[in-house]
Number of protein chains: 2
Amino acid sequence: MNIHSGPDEPKTVYSEKRAEILRAALELIAEHGFHGAPMSTIAVRAGVGAGTIYRYFENKDVLIKELFLELHEKICAWSLKGYEADKPLRQRFLHFGTALLRYFIANPRDFRYLEQYHNSPYGAEFRRDRILGKEESGGLGRGLLEEGVAQQIVKDLPLAVLFSLAFGPLVMVARDHILGFVELDDFLIQQTVQACWDGIKK
Amino acid sequence: MNIHSGPDEPKTVYSEKRAEILRAALELIAEHGFHGAPMSTIAVRAGVGAGTIYRYFENKDVLIKELFLELHEKICAWSLKGYEADKPLRQRFLHFGTALLRYFIANPRDFRYLEQYHNSPYGAEFRRDRILGKEESGGLGRGLLEEGVAQQIVKDLPLAVLFSLAFGPLVMVARDHILGFVELDDFLIQQTVQACWDGIKK
DNA sequence: CGGCCCGGAATGAATGTTCATTCCGGCACG
DNA sequence: CGTGCCGGAATGAACATTCATTCCGGGCCG
């Protein structure tokens, strides 16, 4: 069997061990950062031998990058759930923001991992994509804002600024919740996203 | 001369080399992260021998922590500049936010370093301080928000949430500017801070 | 004056440790 | 009996830190 994805195989062959390795890496990196996650420890936590990891991932960088891509897709999928294109813009925004924040709170490890990833040399590559205009990264959020500007509902500011206004607070508040500085219940989540909307609306 | 601060000396004796080491560490860590800043490289960049660093800093952790403290103080000082306690709350907020954002843009290395620091095991300690209610970390910002809540000018939300709403966007937009995704001029800075105020005001 | 000696700062090669990655004997399945 | 997956010990590179040695300035003695 050819483990490394062949030219026409489904992108990733299912494998119990592969999944265990990813899970272990996620846990360790989210909790202790890249420093506190040596391959040997990942192996132990995944219940496999150190060498086995290399049967599934060419090296640590690849492992880390694939884990990122997996989480990225997972979030994209989640935040599209229940999206209704015919509702007014404001409602779609609130729905999207709420979904995102809920996801972070429900999956703190995913959130912490993404933060680690972005603040690391790995993140640079991802940023380059953003320069090159690739849509996907939070693409829905971006689209929403563009639409708002076009409809004159949203302040007329550069997209990057609007993006920061809309999602900067969500990220920071999610971090605070996960670190235990606030307890966000459903009501607070809605208030928070509403306040973000207040910030960008005209 | 006693380099390590004596009991009644000013906290840090002035030293050409000490300053060079801190500058080199700041540059390297801000640009390449903690990974890309081995002591040997810091030494080269500072123009001193590797061993010399240890005459000024007990070890790498201490070096990193002292650099953080130095930047922290520098920012506190800056953001207090021109603060007028008798102006209305909104104006004080706008002044403070603008000053902060300007600082980040004028000192991108400081900003990047602080980001690295917070997303690292070192940051944990700092966070613990916040739990224990220590005022200083962005203490002025916090005070402003408390006052706003008391005066019923600002939304009645937990302080951590308000803090995120007010400063999350500033941090994110500063990052975007430094990475080249937006070009913030003076007008945009003011618009941005104003939008943050819109987010938290009642 | 000029040579000499000393204290302490500075140096950078040597050390020990921590990993990522590789390698190889063994084991299970066909 | 093969074949190919596994485990985990072995390897070597990258670092932080140490320490024996060098260097330097400035008092002291002849």
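The chains referred to below are lettered A, B, ... by the order of the sequence lines, with proteins before strands, and numbering in each begins at 1.
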Short heteroatom pairs, N/O only, protein and nucleotides 11-15 of chain C, under 3.5 Å:
{"from": "C:dT11", "atom 1": "OP2", "to": "B:G49", "atom 2": "N", "distance (Å)": "2.8"}
{"from": "C:dT11", "atom 1": "OP2", "to": "B:T52", "atom 2": "OG1", "distance (Å)": "2.3"}
{"from": "C:dG12", "atom 1": "N7", "to": "B:G51", "atom 2": "N", "distance (Å)": "3.0"}

Go through the steps for A:Q151 and A:E147 under the test side-chain hydrogen bond (donor to acceptor under 3.5 Å, both in side chains), then give the verdict. CA-CA 6 Å; A:Q151 291 186 26; A:E147 195 181 327; 3.1 Å; yes
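Rounding to whole angstrom units, CE of residue A:M39 and C1' of D:dG8 are separated by 14 Å. The interatomic distance linking A:I29 (CD1) with C:dA20 (C1') rounds to 13 Å, in whole Å. Straight-line distance from the CD atom of A:E58 to the P atom of C:dA20: 16 Å, rounded to whole Å. The CG atom of B:L28 sits 11 Å away from the P atom of D:dA16 (whole-angstrom rounding). The separation between A:F34 atom CZ and C:dC19 atom C1' is 16 Å, rounded to whole Å. A:N59 has its CG atom 15 Å from the C1' atom of D:dA13, to the nearest Å. For the pair B:E20 CD and C:dA10 P, the computed distance is 13 Å after rounding to whole Å. Nucleotide D:dC15 holds its P atom 11 Å from the NE2 atom of B:H35, rounded to whole Å.
For the residue pair B:Q194 and B:D198, a side-chain donor N or O sits within less than 3.5 Å of a side-chain acceptor on the partner. One side chain, A:Y122 or A:D61, offers a donor N or O that lies under 3.5 Å from an acceptor on the other.
Cation-pi contact between A:R175 and A:F111: absent, since separation from the ring centre below 6.0 Å together with deviation from the ring axis within 45° is not met.
A salt bridge is defined here as a Lys NZ or Arg NE, NH1 or NH2 lying under 4.0 Å from an Asp or Glu carboxylate O, and A:K87 with A:E84 meets this definition. Using a 4.0 Å cut-off between charged nitrogen and carboxylate oxygen, B:E31 and B:R112 do not count as a salt-bridge pair.
Using a 4.0 Å cut-off, some side-chain N or O of B:Y56 falls inside it from OP1 or OP2 of C:dA10.
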